[in-house]
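What follows is a set of notes on a single structure, which appears directly below.
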Amino acid sequence: MKLLHCLSKITGTWCDFGGETMPGPTFDPASPPAPAPAPSSSAFRPVMPSRQIVERQPRMLDFRVEYRDRNVDVVLEDSCTVGEIKQILENELQIPVPKMLLKGWKTGDVEDSTVLKSLHLPKNNSLYVLTPDLPPPSSSSHAGALQESLNQNFMLIITHREVQREYNLNFSGSSTVQEVKRNVYDLTSIPVRHQLWEGWPASATDDSMCLAESGLSYPCHRLTVGRRTSPVQTREQSEEQSTDVHMVSDSDGDDFEDASEFGVDDGEVFGMASSTMRKSPMMPENAENEGDALLQFTAEFSSRYGDCHPVFFIGSLEAAFQEAFYVKARDRKLLAIYLHHDESVLTNVFCSQMLCAESIVSYLSQNFITWAWDLTKDANRARFLTMCNRHFGSVIAQTIRTQKTDQFPLFLIIMGKRSSNEVLNVIQGNTTVDELMMRLMAAMEIFSAQQQEDIKDEDEREARENVKREQDEAYRLSLEADRAKREAHEREMAEQFRLEQIRKEQEEEREAIRLSLEQALPPEPEEENAEPVSKLRIRTPSGEFLERRFLASNKLQIVFDFVASKGFPWDEFKLLSTFPRRDVTQLDPNKSLLEVNLFPQETLFLQAKE
C-alpha cells in the first residue's frame, strides 16, 4: 500500500513513505509500535511523533533575478533544480548557460544539479547574474560622431552666379539641404525648383538630408547657385504684383517723399547716413538667439536716438505673438514690427523725429507690443523673410523682399485672429508723425471692434465652461463617494475573507495535529491481556463519554494525546478526576497510569480552561 506524504508540525521535516524518503524515520506497518518519544518539559505539551502521515502540497518559490538594468521574475516548485532557473534565464536574457554565474545564494555557490528544496529557501528570493566572459555593451562611435556634427555650425559661402554676389550664412548641423535652398530663395528670389547648384558633395543626394550627414567641409564650405531658366521678372513687375495685396502700405516708390520735406537738406541726410555706417551694427549677423540680438538692438538704438523710444519686446517673434495674441481677449494688443535698415537715407529721420516722438511712444506703449529686427545684413534679412513666410505667408514675404532700400524702415501692424495672423498695414519710412499716428489709430479701431467680439465670445465660452466644470466637479465628487463606498466594502470583504482564511488554516492545522496524534497512539490493548490494563471513561463538556483501554505501564502523556486527538487540546482543556478531586494535567506526564493511581479504572471529566 502506497502511503501519503508526512509532515511534522514541530520539526518541520517532510517524509514520503510511498517513494523517495526524506529525512525522518521510516514506518513499517508490520513492526510493533515504537516507544513513545521523550516528553516535553512543559506540562501537557503534545509531543509530535516521528511517524506522521499527511498529504504534502508542492511549495512554490519566487525568484527576482537582476542582470544589469533588467529584472526577471521566476516562479518554480521547490522540487526543481538550479539548472532549470538558468535555462529560463537563458531564454529571457539571451545568455548561454555556460557563461552565466547565478549569485546571491545564502549558502554560497551551488551546483546546477542542486535541488531547491535542499537549500531550505524562503518563499521570496533575490539573485543576480554575472557574465565575466561577456564584454559590456558599448555605444557606437559613429553615432557619437554624428551627434557631435549635429551640434556644430556650418558656414556656407554661397555665390549668386548672375549678380556675382556672395552670402555668408550660418546653419546648424541639424538643418536640412531643403532649408538652405529655401533661405537662398528668400535672398535671391530664385524658387527652389529653378535653382541650379554647384559644390554640393556627391553624398548630398536628398534635400531632406541634414548638413551633418551631407559631407560638407567643416567649418566652411563654398557653393554656387544660379537660375535654371533665363527669363526673370523685372523689379517693376514684382512691385506691381505686391500692390495687389490689400495689406501693403498705400505708399509706394512713386510717392517717395524727399528728405527735404522733413526740414533736412540732402547733404545732412546723407551725412547722417554715412556717419551711421561708422557706428556699431544694430544687430549681430547670424545671431543664434533672437533675445540676445534684440538686447543689442535696444542698446544700440538708445545710444543713437536717446532713451525716449518704444519699448522693444525682448524675445523671439513667436514669444511676441504669445504676449500679444494668446492671452485673454481683454488683455490682447496689436503687434507692431519695426524693420530697420541702416543703408536707407530715411532711417535716421524716421527714428529720431517720428519713432521717438513722445506721442508715438506713448500710444505704442499703451496699445501695442513692439518687436524689432534689423535687415541691414543679408543673413538677418534671410532669417526674417523665413519667419515672415512661416507666420504671414509668401505674399507678405514677397512684399517685403521687393521693397527698395530707400523705402525702409518699415512698420508692420499685425492683428491676431482665431486661425491666423493678419497684417493690417505696412507703413513705409517716407511718412510723417501725423500720418503715422493716423495709421496706428485706424488699426486700433479695427482691432477694438474685433476685440469686443472676442470678449463677448470668450465670456460666453467661460460661462459654459464654468457650468461644465461645476457639473464635472459634482460628478467627480459623486464618483469619489461611490469609489470610497466600494473600496470600504471591498476592504470589509477582504478582511472577512482574510479572517475566514485564518480560521480555515487554524482548523486545518488543528486537524493535522489531531490526525498525527491519533495515528501516533499505541494500539488499544485487549481486555484480556498479559499486562495490567486500565480502563478510563472521560466525560466531555457536552455530556458524551470517551472510553478507552490503556496499559497500566503507559505514560500519562498517552492519555493526554488521546484526549487531544478527540478535539480537546491541552492548551484549551484540563483533565480532572472525581475522587479525590485533582487536576490530572498538573501531574508528571512521564509517570505511568499505575503510578498516578489511574488503575484499574477511573472516570475523568474535561473542563475548559478559563
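Every heavy atom of this structure was used, including side-chain atoms; hydrogens, water molecules and symmetry mates were not.
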Are L169 and V180 close enough that some pair of their side-chain heavy atoms sits under 4.5 Å apart?
no
Below 30° counts as parallel, above 60° as perpendicular, anything between as tilted: where do the rings of F392 and F321 land?
perpendicular
Heavy-atom side-chain proximity of P310 to L355 below 4.5 angstrom
yes
Could you check V177 against W200 for side-chain contact (heavy atoms from CB on, under 4.5 Å), going step by step and ending with a plain yes or no?
CA-CA 10 Å; V177 176; W200 285 106; 3.9 Å; yes
Is a side-chain donor or acceptor of R64 paired with a backbone partner of N124 at a separation under 3.5 angstrom?
no
From L424 atom CG to I413 atom CD1, the distance as rounded to the nearest 0.5 Å:
7.5 Å
Which residues pass the ring-ring contact (aromatic ring centres under 6.0 Å, His included) test with H309, sequence neighbours left out?
F301, F312
Just how far is it from atom OG1 of T399 to atom CG of L410, taken to the nearest 0.5 Å?
10.0 Å
Intermediate values then yes/no, side-chain contact (heavy atoms from CB on, under 4.5 Å), M493 and E490:
CA-CA 5 Å; M493 295 299 294; E490 290 175 354; 5.7 Å; no
Roughly how far, to the nearest 0.5 Å, is the CG atom of L317 from the CD atom of Q322?
11.0 Å
Do M444 and Q366 touch side chain to side chain, with heavy atoms closer than 4.5 Å?
no
Beyond-backbone contact of T188 with I158, side-chain heavy atoms, under 4.5 angstrom:
no
Main-chain N/O of I190 paired to H194 side chain as donor or acceptor, under 3.5 Å:
no
So, S217 side chain and C220 main chain: donor-acceptor pair closer than 3.5 Å or not?
no
Mark yes when over 12 heavy atoms from residues, nucleotides or ligands other than E358 sit less than 6.0 Å from its CD; otherwise mark no.
no
Using distance alone, with no hydrogens and no angle criterion, decide if E318 and H391 have a side-chain donor and acceptor under 3.5 Å apart.
yes
Looking at L364 and T370, what are the two nearest heavy atoms and their distance?
CB-OG1, 4.1 Å
Might you work through the side-chain contact (heavy atoms from CB on, under 4.5 Å) test for K404 and Q428, ending with a clear yes or no?
CA-CA 10 Å; K404 296 178 181 178; Q428 294 179 341; over 6 Å; no
Below 4.0 angstrom, N of the basic side chain to O of the carboxylate: do K377 and D342 qualify?
no
Within the 3.5 Å criterion, strictly below it, is a donor on S365 or S362 matched to an acceptor on the partner's side chain?
no
If every non-hydrogen atom of F408 is compared with every non-hydrogen atom of L346, which pair is closest and at what distance?
O-CB, 3.6 Å
R401 charged N/C atom sitting above Y185 aromatic ring, 6.0 Å / 45°:
yes
Heavy-atom closest contact (E290 atom, S316 atom, distance):
OE1-CA, 2.8 Å
I'd like to know if the side chain of T432 pairs up with that of D434 as donor and acceptor (distance under 3.5 Å, no hydrogens or angles considered).
no
Quick one, R330 with D459, criterion salt bridge (Lys or Arg N to Asp or Glu O under 4.0 Å). Give me CA distance, side-chain angles, the key distance, then yes/no.
CA-CA 10 Å; R330 288 179 174 81; D459 289 343; 3.0 Å; yes
Quick one: does Q195's side chain have a donor or acceptor within less than 3.5 Å of a partner on K181's backbone?
yes
Any carboxylate oxygen within less than 4.0 angstrom of a Lys/Arg side-chain nitrogen, looking at D472 and K468?
yes
Checking N389 side chain against L385 main chain: does a donor-acceptor pair fall under 3.5 Å?
no
Report yes or no: does T386 contribute a side-chain atom to a donor-acceptor pair with the main-chain N or O of A382 at less than 3.5 Å?
yes
S280 versus R304, closest heavy-atom pair with distance:
O-NH2, 2.7 Å
Please examine the side chains of K333 and V327, heavy atoms only from C-beta on, and report whether any two atoms are closer than 4.5 Å.
no
Check whether any side-chain N or O of E92 sits under 3.5 Å from a backbone N or O of V72 as a donor-acceptor pair, and report yes or no.
no
Using side-chain heavy atoms (C-beta onward) and a distance below 4.5 Å, is L335 in contact with W371?
yes
Would you give the length of the straight line joining atom CD of Q164 to atom OG1 of T224, rounded to the nearest 0.5 angstrom?
8.5 Å
Treating E285 as the side-chain partner and N380 as the backbone partner, does any N or O pair qualify as donor plus acceptor under 3.5 Å?
no
What distance do D331 atom CG and F325 atom CZ have between them, rounded to the nearest 0.5 Å?
14.0 Å
V192 and Q178: side-chain contact (heavy atoms from CB on, under 4.5 Å), yes or no, with the steps?
CA-CA 8 Å; V192 174; Q178 183 72 14; 4.1 Å; yes
About how many Å separate CG of D206 and OG of S214, when rounded to the nearest 0.5 Å?
11.0 Å
Less than 4.5 Å apart, any side-chain heavy atom of L440 and any of L334?
no
Min side-chain heavy-atom separation N168-M155 under 4.5 Å:
yes
Do you know which two heavy atoms are closest between C388 and I400, and how far apart they sit?
SG-CD1, 3.7 Å
State, to 0.1 Å, how close I369 and A324 come at their nearest heavy-atom pair, and which atoms those are.
CG1-CB, 3.9 Å
